[in-house]
Each structure stands twice: as structure tokens, then as C-alpha cells.
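Numbers here simply count residues along the sequence, with the first being 1. Hydrogens, waters and symmetry mates play no part in the numbers below; they use all other heavy atoms, side chains included. Only a predicted model underlies this, so the values are computations on that prediction, with no experimental measurement involved.
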Amino acid sequence: SPTAARDQPREEKATAVTAPGRPQLTPAGNGTTAEKAPLLPTLYVQLHGETTRRLEADEKPLQIQNDYLFQLGFGELWRVQEEGMDSEIGCLIRFYAGKPHSTGSSERIQLSGMYNVRKGKMQLPVNRWTRRQVILCGTCLIVSSVKDSLTGKMHVLPLIGGKVEEVKKHQHCLAFSSSGPQSQTYYICFDTFTEYLRWLRQVSKVASQRISSVDLSCCSLEHLPANLFYSQDLTHLNLKQNFLRQNPSLPTARGLSELQRFTKLKSLNLSNNNLGDFPLAVCNIPTLTELNVSCNALRAVPAAVGVMHNLQTFLLDGNFLQTLPAELENMHQLSYLGLSFNEFTDIPEVLEKLTAVDKLCMSGNCMETLRLQALQKMPHIKHVDLRLNIIRRLIADEVDFLQHVTQLDLRDNKLGDLDAMIFNNIEVLHCERNQLVTLNICGYFLKALYASSNELVQLDVYPVPNNLSYMDVSRNHLENVPEWICESRKLEVLDIGHNQIYELPARLFCNSSLRKLLAGHNRLTRLPERLERTSVEVLDVQHNQLLELPPNLLMKADSLRFLNASANKLETLPPGTLSEETSSVLQELYLTNNSLTDKCVPLLTGHRHLKILHMAYNRLQSFPASKMAKLEELEEIDISGNKLKALPTTVLSCRRVHTVIAHSNRIEVFPEVMQLPEIKCVDLSCNELSEVTLPENLPPKLQELDLTGNPRLALDHKTLELLNNIRCFKIDQPSAGDASGAPAVWSHGYTEASGVKNKLCVAALSVNNFCDNREALYGVFDGDRNVEVPYLLQCTMSDILAEELQKTKNEEEYMVNTFIVMQRKLGTAGQKLGGAAVLCHIKHDPVDPGGSFTLTSANVGKCQTVLCRNGKPLPLSRSYVMSCEEELKRIKRHKAMITEDGKVNGVTESTRVLGYTFLHPSVVPRPHVQSVPLTPQDEFFILGSKGLWDSLSVEEAVGAVRNVPDALAAAKKLCTLAQSYGCRDSLSAVVVQLSVTEDSFCCCELGAGGAVPPPSPGIFPPSVSMAIKDRPSDGLGVPSSSSGMASEISSELSTSEMSSEVGSTASDEPPSGALNENSPAYPSELRCMLHPLCLSNSFQRQLSSATFSSAFSDNGLDSDDEEPIEGVFTNGSRVEVEVDIHCSRAKEQEKQQHLLQVPAEASDEGIVISANEEEPGLPRKADFATVGTIGRRRANGSVAPQERSHNVIEVATDAPLRKPGGYFAAPAQPDPDDQFIIPPELEEEVKEIMKHHQQQQPPPSQPQLPQPQRQCPGDQLPDCCDTPL
């Protein structure tokens, strides 16, 4: 194309500009040659791996980059400059000299190749078969006229409306014909049947389109490409999300003024082009019926638009319009006018003349009052959409009735009361999330009422709405159910949850049409006693004060499929039947958190079709075997938190059971659930199991087995080998007691549960000894529907925080910077995917020995933290959603669209999340940060994912686990409650129990002047890391866990590896005693419980070499995508993500020679040592043992190269190609020569050399510790976080 030819010389010269090793901050920084001055290359900027925009002459790349980083949330200029020098920033913002090829028209080429081609009719002998290049590009077939396809004329055959046919005379031959009276035909013979099929399928799709349409969206176009004008018969043209200009700077380029050449164009999409001014040329296309100029920063619409008489749809959303021209009235056929998210303060008067428009679309504007007189002058308007304005009142002004309005949407405004009687023909009313106290509605034609999340105490509808079928008045202050509701004969769904209702009228249940009644979270003490036959299918009465259910409820409600009566005070259940015969169709029964006893269990047998039964946290002591046998259709049972000593053996009669959850009981005998053919998930944690009995072969579908919190459980090697094949197997870490003998200040437990799609989209992080045992770090990450982002956050965030702690001690600053740097570390995964996160850091000031601990919480999205202080909840997080006024203003300022479900551009309801960089600047990663000093009154804190806090209030969560002594059992309880209360998403909860005493400060000798912090417990120097393969189990100090924290053992570990790998999830506690306290490793020195002494033979790995394993069902991009992201790889049982999680060091420290002590129990496979200074850790054996270049990190966008600076402007020819969902290739990789393996036969010799080398080294700076220690500068914290292997 001419563009490519014009850019080619520029790109070659661009190489000269940016090739030197030092970054060229501006292209003009290079001198010119003596002979002739080269043309400066055209500069382009690319945000988030999407379209690339050419920079104007006055735009400066560094200024653009700095502004972008400040917008992300960085506060200091030096920090912005440092971040800007990091090469990984390319996944957020990237500059090119010359236009990168990957965003050119080549992406539109679907198929191409060299084939035998013949033109015209087959019967004519004139046309011969010749070898030519054939390209399927967009909707056209392009055939070169000469053999050298890059020169000469190209024949273009438009395929839309044409046909593709099989030619039987020749093998693998197809005939391609265009449509119309002057159609042409090309015959093409393909070399293989596979190619033949591929072309047939692809071209058939194109030919089947009956309209002349071209889609050039997201192509980084600045002007209209020449080949667009090959066909003047276009009817539909999509040019959205480009950088089209009215008058391009290049004289030969085709600007928007050329669009008038399309004399048959009906639909034109120019949205998201940042035009600034309305493109007048479109007014000269008389055939245009649909025009979209949304999101173009337009401030005015010219009067010339009045000449578009045929226009039917005109979209002007997301601009800065305040008025419309009167000439718009000439558009007599205009039926849809989009004015949402502009700056209107009133309804434009010209709408009175647009009589074909029946919907007023003005959401997201600046209206403070709604003048009904203006609506009265528009009798053609039936649907009024005014959500997300700032309307405080309606002004009637002598208007009696507005009979023409049938749908009114006023949600997310500022209304205090609403008298909607004036809308006497209203059918659908939306008024959610206002501040309504009273609401009056005319009921003649009312079909649906949505009024949740207000402050309603009074709700009047007159007359009785006989057509009302759906009503949602949840989350208000109603104390009773209005009488008129019982008389609404067509009401099918009634949601009155989260009110203050004391009783439900009996007449409500008599309504023959009522199918769904949601009355949870009220103050009901009883339901109507004598129920007549009711048609209710779904009944939710959870979180009330019910002492019993009506005795005939389950017999009279013969349509009831779903009953949730959790969180009441039930002691008994009504019978399901009076005889052996039963008509019950009940399928789901939730009775968690009541006071039910064993007497209730026999009553369940009347429900033969029961599939899901939740009876957790009741008072059950046994579950009779004969009763369990009758529940033959049961699929899921949760009886956690009772006092059961065994599960009945008759569970084998329930052949369809796939989930058995029975944690927090007193079960001593392993149940026979492993013989169930459909079993997928078994949770028997926090019981009293001592052994496990398994069948010879594990169930084929078993995915998860949790046996944590069973202190007496002992598993032999054979059992472990068998259990090792389960995708997610959790078991306690072996514990040898606490080496220091002092109680811990904090202990934790966590749990995760996948949602209904059996896909775990959450992850948890727990590091009990973060940065030298004086600190702790906990986190919960929620990817909503993707598994990649939470996993990347789990792997990476702790090391970023460790780096940030070296740069500043200000809590808000280091937490904010951690989240923003994490945005970069997500690489290309964060461009299209995102996730919520909460991070809690417990810190103790080493300079102030008498100081207290500080808890700092930071969060984005709906993951949150709550602290229990004196038994009361103290929220430490904030959920940034549309209801936050300042966030809504910010979103509106950036002209993002908020869809009707309250999501930014239909993607996420949170305005601050990690990832989703394509939504920048509307969605940013800057977190809410809050710090509190911990006191002896602080009992515990909870971190939870979105699903947890959507199901439980902070008060209930704190109250539920306050009296649970074990942190793991507490976390389990929270997840079980959330699932019984209706959560269907993935769940994660971390509970951290605190025992902060008045004297909980550091009592160690902190060196001279008390300023030097104690050294890290790790025995390896920071620039050298070691991985020992297949280490025997007896030579290793194994971490203990006061909370029964689980390790997930994945399928590629053998039993011998298990003992050394068992601590390798996100739990990192201090190593327990593998040596006796009298051994030489324990010098007689006073140590506090915060800094237990490190053991000389306890092996600790760097956090940066952590490979986490978690229970994923797949590693797709989302629930519907199947293509995995590059850099995220799986073997079917564990998803592993390679990311950059190293800590940077000062150059002086990097140059120091560090000691290395080789443990005596090295295995036969030898020792792998990495001396690479930039990469202190290696992935686990499974990652690199089979690869030739050991320890080499994969080339993905998350990995930093060795050099910490890069050329700000990249050469376009070197631009990385975008792969769907993949990562950009990292510009540099660690040198594999820095890694070396010591063969087994040379181990002894190496030990001798190192021993000799050790004697020549100067003594350590702290002589009271004989084992090798890492050196720390006097006033600096250790810059690396260690955690046990």
C-alpha cells in the first residue's frame, strides 16, 4: 500500500535513531550525518497493546508517559521517572519510531498462498492455469497479476453476495464468483484437501453476507485506506476506534471528506475517534440512515445535519454537548437519538418536533430537576431514561397527567420522594438507589416496579395493580407488607428482603400466580400458621427470627422446589408427608446456622427428589443411616459445624453425590465417600481423623480432598502416593513444635471454594514471616470469571511490596505504589482481564523497640478487610462502585459509558481494579489505604473476596467467627455460611488471629544503638539461590502452622518430594525446630518471640522462587474462552505462572561475594546453583528439570530483563507481534551461562573448594551468630523476603 511504501524509508532511519544502547529520550537527540540530514521518524504511541496513534509535532513522548503514570496514581516525580525507565511498561504504554506492522492492514488478511489460478470460463482454451498469489482480505479475494506478487496490478474480486462452488473436474478446485450483472469468476486449485476445506469454509462465510459491509474498526487508521474505494457500493462501514482526522496532514491521504463518494452508504460508525469537531462530510451522504459519532469529544452539532432527511438512528452519546441545533427538526424519519453521558441540564426543545422518536435517552447528564411540562410537549415519548443524573425533584407546573409515558427510569439520582401518580399509564418504573422515603404510583397498567436500595417507609400504589408481575422493594425500611400486594393477582416475583418486616400476611401465600418470594433479612418471628395450597416455587426466609416453620408448609406447598431458612432459630422441621407416598418436589434445602437436632433428620426422607442439602452449624450429633439411604437423588450435602462422629455408610446409596462437605465436626472414621462414582469434592478438615481408608482406585472425577486440621492423622507413603494424583489435595504440614517456645503474635487460616462453574477464580496469600519474621503479609485476590489475574497477583505481589518497602516507609505510599507496579507486572494478561485485591501488611518499627505493630490494609474492587476490635467490626476497606459520588464524577468526566447493570463499559462494576487496562483512565489501580496501630483489644481480622461480602455483613462475619478458636475453622465457617446464604461465585477467606499484648515489642539486641535490624533467617546470600532436587525428607526443617494451614500437593510431586515441598503454597511460617536447642546453632542469646533464631540446617527458599499450586478447573481466559495465555502453563492438575517476582538490589550489594553452605544431604541428581544476580530464585523442579536452559525464564510480558532501563522509543520493525491473550516477548533474558549444575561425582570437591573459600572470607559483621548470615547495612531493612521451602 502507499502507506507502507511511504513509511518504509522512515522505519529504516528510525533504526539509526534508537539503536544506541543508551536510551534516546527524544528522537531529536541524535545528530545528523554530514552528507545529508535524515528525515526524523514518525513517532507513534500505543496504549495497552491496542491501537497506535501518531504523535503530533508538538507532543513529547516523555511528557505523555509521565502524565500517564501520574494518572495511574504515582505521587512523586522521581518515582514516575524510575517507573518510566522499566522496560515492562511497554504493556501499558509503548512508543514506536515508524508505524508498527502488527497494527497494519495485514491483520485483515485471513488466508493467503501461492496456487494455480485460472480466470473466466472453463470452456475457453485461451485462459491458462498460472501460479499466482491469492489473498482473502476482509471481504475481497485478491489475485496478483504477475508471479512476483509485490509488484504489478492486483485483481480484486468482491465476495459479498457472490458464491463459491466446488469444481468436480479438477481435484481440490473451487470457483469464486462475484455478484451483480458484471460478475467475474476465478478458478483456484489448492495443493491439499485441508487448504481446500479451509478456503471453502472461510469464503462461504463472507459470500453469505448479503450486504456490502466493511469493518475497519480498531485498525489505527489516520486516513481512509485506498482499497476502501475499490467498491463504491458500500452500504455499511465501521470505522470505530481509530484516529481518523478531518484533514490529514499528508496531501495524498484521504480524509473524512472523501466519505461522500459512497453514494449508497446506509450505516456509518465513527465512534471513539476523538474527532473534536463534527465531520461535516457525512451530511452530504443522502442515503445515510444510521450515524454513530459517540465518544468523539464533540462540543457542538452543526446546523448542517438537518439535511440528512433519511437518518433514522443518530448516536451522540459520550460527548460534551449542552445544546442541539433547531435544524434537527428536519430529520423527519429520526426514530432514535442517543444523548447519554453528555452535559445537558435540561431536555432539548428540538425533541418536541422529532415526532418519530419514542425514547428519551439522556442518562448520565447534568439534570438537577425534571420539568414535566417539557415532557408534556413531547406526546410521542413513551420511554424516559434519566438514570445517573443528579435529579433532586420533579416539577409538575400545572401538568395533570402524562398519559404517554409508559416506562420511566430514574435510578441513581438524588430523589427524596417521588409522586409518580402523574404518570397514569406507567408500566415499568425504575427508581433504585435514590434516597426515597415515600413512593406513590398509579397502578392501572403497572407491570414491574424496581425500587430497591432506598429508605422507603411508605409505598402506595393506587388502584390495585392487576397487571403487576415483578416487584423489587428490597433494602428499604418497610415494616409491613402493603395490603394491596396481596390483591395483585398476577404477581409472580416479590422481593422484600433486607427490610424490617415483622410478619407476612397469609393472603400473600394464597396468590395463585406467586412463584418466587424473597423475604430474607427481615424480623419475621413466624410465618402464617394454616397455609392453604400455595404455588410458590422459591421461598427465601433466611436471616429472620423464626422459631419454627408452619407445620403444613411442606405438605401444602406442593410446587416448592427451593427453600432457604438459614440463619434463623429453628429447632425442628415440619414433616414433608403424612404417609409413605409423597408429592414433594423440593430439590434444594438450606437450613444452615439454626438449632436443629437429630430429630429433624427423619423428616427429610419425605423429600425424595432432594438434590442439595445444607445443614451446617446446627446441633446434629448423628445422621441415621436408614434415613440417608432414602435420599437417592442427593448430589450435594454440607453438614459442617455439627458434632457428628461419623458419616453413615449408607451414603453409598446416594449414587449421584458429587460434593460432601463435613468439616468442623468430630468425625473419627474416614467415610466411604471414595466409592461414590460421581464424587468430585470432599472436605473433612477440622475433624478427628486418624487414618484414611481408600479403595484401590480413586474415583475418576475426584478433584479436591481437604484433610487439614486433623492433628492425629498419619498417612503412610502408599496412601500419599495415591492421594498425590488428586488435582487439589490439602493436608497439614508436619509440625515439630515452635522453636522459640514463645506464642506467636498472629496465626492464620484460609480457605477457597470454587463457584457453580467449578472454576476457582480466587487466590489467597499468607506470609507469616514476611521480611525477617518481624512482619506478616496476607492477601485475597478475586478474578470474577478469570483464573489468571488472581494467580499472578498471588505469585507476585509480596515481592513487589518487599521492593517498595526499601524505597519508602510511608504506609500509604508503599501500598499505593505496590498496586500500581502490579498493574505493570500483569503484562498483557492485564490488558483484557482484571481482578479485585486486598492486601494486609503487619509491620513493626525496628527503630522504635517500644513501638506497636501497625496493620495497613489496601484494596481495589470488592475484596475487603474487617478488623475485630473489642468484639465490634472495624472496616478497613472501601468498595469503589458507582454509588461513590466522587468516583461517578470521575467516570463521567472521562466519558465512559455505564451500562444499565451498573458496569463501566459493560465490563466491571468497580471503578478501581487491577488489570482491565483498556478501560484506562476510567478504571484505575489506585487502592484505598488505611493504617491502624494494633492494640491488645484487637482479636482478629478477616480478608474476604467479593462473594463473601455480598453474602455476609461485616457484623455477621465478625460475630460468626469470634468464638471459633482455630483460624482455619473460622475461615471454613465463613465460606460455608456464604454458600448456604446463596453465594454462587468463587469464595476466599483469610482469618488472622491476633494476640497483641501490652509488651509486644521487640526485645532483641538490635546491634549498635539498636538501629540494626536482626538478620534474615535465610541461610543463603541474596544473590545466590539453590534448588535441591528430590531431597530426602529427614534432613529438612519443615514449617509449622499454628492454624492448620494447608499445603496443596500437586500431581507431579513424588512422595519423597512431598515433605520438602509441603510448605510451598502461599503459607510461610517460621521453620520449626529440627535441631535440639543445645546444639551449636543456638548460641546463648536473648531472643524475642518476634525474631526466633534461624536454624543452621533449616533450608529456606526465596519467595521469588515460589511456585504456587491451586485448584483450577482450567486456565482459560474467561468462562467462554479456551485459548490459554502464554506464560501460563498447566499439566492438567496445576496451573503455574512464570512471572517476575524478584527483588531489586543496590549495586553495591550485588557486587559483594556471598557465602554458600551446601547441606550434606545433597541428592544423587546433584545441586543446581543460580549465580544470576538479577534472579535470586528458580522455579521448582517441575518447571526446569526437563528443559535445556536451566532456570531460563519464559519470554512473557511480565518478566523484567537484566538491564533496568530501555529505549523509550522502539523501532517499529522490532515491534512485538500481538498474539491473542499472549504476552509480549521480553526484550532481554538472563544469560544461561550464569547457571551451572554440579554433577554428583564432583560434589565433595566443590564442598572442599567452598569450605576453603569460606575460610578466606572476612568474618561476618555480627560475630555472635556462627552460621552464615546475610549482611545488612546499618540503617536499611533487608531487601529480600525469605520463606521456608
Mark yes when over 12 heavy atoms from residues, nucleotides or ligands other than R475 sit less than 6.0 Å from its CZ; otherwise mark no.
no
Have a look at L268 and tell me which of L234, N292, L239 forms a side-chain contact (heavy atoms from CB on, under 4.5 Å) with it.
L239
Tell me, with the steps shown, if L244 and L270 meet side-chain contact (heavy atoms from CB on, under 4.5 Å).
CA-CA 9 Å; L244 293 170; L270 288 168; 4.0 Å; yes
What class does the angle between the rings of Y981 and H543 fall in, given that below 30° is parallel, 30 to 60° is tilted and above 60° is perpendicular?
perpendicular
Would you sort out whether E900 and R411 count as a salt bridge (Lys or Arg N to Asp or Glu O under 4.0 Å), showing the intermediate values?
CA-CA 10 Å; E900 290 194 8; R411 64 190 121 171; 3.4 Å; yes
With D412, which of I390, L388, N434 fulfils side-chain contact (heavy atoms from CB on, under 4.5 Å)?
L388
Less than 4.5 Å apart, any side-chain heavy atom of I347 and any of L375?
yes
Point-to-point distance, once rounded to the nearest 0.5 Å, from OG of S452 to NE2 of H498
10.5 Å
Within a 6.0 Å radius of atom CZ on F562, are there more than 12 heavy atoms belonging to other residues, nucleotides or ligands?
yes
Can you find a pair of side-chain heavy atoms, one from Y336 and one from Q312, that are under 4.5 Å apart?
no
Between R507 and E483, does any NZ, NE, NH1 or NH2 come within less than 4.0 Å of an OD or OE carboxylate oxygen?
yes
Which pair of heavy atoms, one from N273 and one from Q241, lies closest together, and at what distance?
ND2-N, 4.0 Å
Rounded to the nearest 0.5 Å, what's the gap from CG on L354 to CD on E329? Could you check?
8.0 Å
Would you indicate whether K266, at its atom NZ, is surrounded by more than 12 heavy atoms from other residues, nucleotides or ligands within a distance under 6.0 Å?
no
Is F262 close to T287 at the side-chain level, that is, under 4.5 Å between some pair of heavy atoms?
no
Flag the pair H430 / Y450 as yes when their ring centroid distance falls below 6.0 Å, and as no otherwise.
yes
Rounded to the nearest 0.5 Å, how far apart are CE of M308 and CG of N284?
9.5 Å
Is L237 close to N269 at the side-chain level, that is, under 4.5 Å between some pair of heavy atoms?
no
Would you mind checking if E887 and R912 are paired as a salt bridge, meaning a charged N to carboxylate O distance below 4.0 Å?
yes
Determine the minimum heavy-atom distance between L914 and P925, stating which atoms define it.
CD2-CB, 3.8 Å
Check for me whether K895 meets the cation-pi criterion with F320, that is, NZ or CZ under 6.0 Å from the six-membered ring centre and within 45 degrees of the ring axis.
yes
Does NZ in K359 sit with more than 12 non-hydrogen atoms of other residues, nucleotides or ligands closer than 6.0 Å?
yes
To the nearest 0.5 Å, what is the distance between CG (L449) and CG (L439)?
6.0 Å
Is E537 salt-bridged to R515, going by a charged N under 4.0 Å from an acidic O?
yes
Say you draw a straight line from OG1 of T355 to CG of L334; how long is it, rounded to the nearest 0.5 Å?
10.0 Å
How many angstroms lie between atom CG of L517 and atom CG of L494, to the nearest 0.5 angstrom?
5.5 Å
Presence of salt bridge, D346 and R371, under 4.0 angstrom
yes
Just do the side-chain contact (heavy atoms from CB on, under 4.5 Å) check on L446 and N467 with the steps written out, would you?
CA-CA 6 Å; L446 189 66; N467 297 303; over 6 Å; no
Is there a side-chain contact between D417 and V437, using heavy atoms and a 4.5 Å cut-off?
no
Would a 4.5 Å heavy-atom cut-off, applied to side chains only, mark V481 and I501 as touching?
yes
So, does S559 use its side chain to make a donor-acceptor pair with the main chain of V536 at under 3.5 Å?
no
Which heavy atom in I441 sits nearest to a heavy atom in L429, and how many Å separate them?
CD1-CD2, 3.8 Å
If you take all heavy atoms of Q71 and H920, which pair is closest and at what distance?
OE1-NE2, 3.2 Å
Evaluate the side-chain hydrogen bond (donor to acceptor under 3.5 Å, both in side chains) criterion for residues Q542 and N544: first the C-alpha distance (whole Å), next the side-chain angles of each, then the deciding distance (0.1 Å), finally the verdict.
CA-CA 6 Å; Q542 61 171 301; N544 280 286; over 6 Å; no
Please say whether the positively charged group of K832, taken as NZ for Lys or CZ for Arg, lies over the ring of F918, i.e. under 6.0 angstrom from the six-membered ring centre and within 45 degrees of the axis.
yes
Residue pair S340 / S363, side-chain donor-acceptor N/O under 3.5 Å
yes
For residues K862 and S879, report the shortest heavy-atom separation together with the two atoms involved.
CG-OG, 3.5 Å
Counting heavy atoms not belonging to E349, are there more than 12 under 6.0 Å from its CD?
no
Work out which heavy atom in I422 is nearest to a heavy atom in D400; give both atom names and the distance.
CG1-O, 3.0 Å
Report the C-alpha distance between L524 and Y502 in whole Å, list the side-chain angles of each, state the deciding distance to 0.1 Å, and finish with yes or no for side-chain contact (heavy atoms from CB on, under 4.5 Å).
CA-CA 5 Å; L524 301 174; Y502 288 92; 5.8 Å; no
Taking D495 for the side chain and D472 for the main chain, is one N or O donor matched with an acceptor at less than 3.5 Å?
no
Steps toward side-chain contact (heavy atoms from CB on, under 4.5 Å) verdict (M367, T345)
CA-CA 4 Å; M367 294 176 60; T345 54; 5.5 Å; no
Is M362 close to D385 at the side-chain level, that is, under 4.5 Å between some pair of heavy atoms?
no
Check ion pair E886-R878 (N to O, under 4.0 angstrom):
yes
So, does N342 use its side chain to make a donor-acceptor pair with the main chain of L316 at under 3.5 Å?
yes
Beyond-backbone contact of L386 with D409, side-chain heavy atoms, under 4.5 angstrom:
no
